[in-house]
Amino acid sequence: MRADKEENNQEMSTNLKYLSLGILVFQTTSLVLTMRYSRTLKEEGPRYLSSTAVVLAELLKILSCILLVYKDSKCNLRTLNRVLHDEILNKPMETLKLAIPSGIYTLQNNLLYVALSNLDAATYQVTYQLKILTTALFSVSMLSKKLGIYQWLSLVILMTGVAFVQWPSDSQATAAKEHSAGSQFVGLMAVLIACFSSGFAGVYFEKILKETKQSVWIRNIQL
């Protein structure tokens, strides 16, 4: 009976992983397409500010994290208030540690809107995967992680794929009508800076998480 229970738990865990993967793929692709559409839609009147979109996204994130902390506090408002007060208000230096990654993430999130305003969705999506490479490099240098031969080979294949995407071709003549060479350069630079900032901020945040006993939700609220 115990073996059946363990097997059911393992099957549920596997299904949850695939469900999470599917949701992540859907969220990533739909986000890029939606952002691209909203930044290139030709309508009368001023376009929305990218900074406003970034602030609203962060507000939704902090509300989500507060709800998760509320759940961990057994849905007790008094406990939630005490946890937020003790872990955030009473520890200003711990919160201040996240000023560096939060500033970098602010820059990165605004750069992504600049990139999608000047690049097509496919080029942006493939090029932005360079953040995997930058994250790996910062992990090796800052966290002393060691990568295996297959991991390095995967990173080389990733770089090759990004290079092929940026390689000039006849099909880019149509895209050139929509975006000038200057705007494409601006978009590419925005993506590359975002990749480096994402890699550094992600590894910096991971290092802070490993050095503390606070939950990841509390750290995200501080962030």
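Computed from a predicted model, the values in this text were never measured in an experiment.
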### Message
So if I apply the side-chain contact (heavy atoms from CB on, under 4.5 Å) rule between Tyr105 and each of Val54, Leu223, Leu98, which one comes out positive?
### Response
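Of Val54, Leu223, Leu98, side-chain contact (heavy atoms from CB on, under 4.5 Å) with Tyr105 is met by Leu223 alone.
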
### Task
Decide whether Val140 and Val156 are clustered together by the hydrophobic rule: side chain heavy atoms of Ile, Leu, Val, Met, Phe, Trp, Tyr closer than 4.5 Å, transitively.
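Different hydrophobic clusters.
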
### Message
Using a 6.0 Å cut-off, check whether atom OH of Tyr204 has over 12 heavy atoms from anything other than its own residue.
### Response
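Yes, because the 6.0 Å sphere around OH of Tyr204 holds more than 12 heavy atoms from other groups.
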
### Query
What are the two closest non-hydrogen atoms of Ile208 and Lys97, and how far apart are they?
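In terms of heavy atoms, the two residues are closest at CD1-O, 3.8 Å.
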
### Task
Locate the shortest heavy-atom distance separating Thr134 from Gly199; write the atom from each residue and the value.
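So the minimum-distance heavy-atom pair works out to OG1-CA, 3.7 Å.
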
### Query
Rounded to the nearest 0.5 Å, how far does CD1 of Ile104 lie from CZ of Phe200?
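Between Phe200 CZ and Ile104 CD1, I get 5.0 Å after rounding to 0.5 Å.
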
### Query
In Å and rounded to the nearest 0.5 Å, what is the OG to CG distance from Ser117 to Leu112?
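Reported value, rounded in 0.5 Å steps: 10.5 Å.
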
Keeping [X] on the side-chain end and [Y] on the backbone end, is there a donor-acceptor pair under 3.5 Å?
X	Y	answer
Ser102	Ala99	yes
Gln222	Glu87	yes
Ser141	Phe138	yes
Thr79	Cys75	no
Arg36	Leu119	yes

### Query
Cut-off 3.5 Å, side chains only: do Asn76 and Ser73 have a donor facing an acceptor?
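No, because no side-chain N or O of Asn76 sits under 3.5 Å from a partner of the opposite role on Ser73.
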
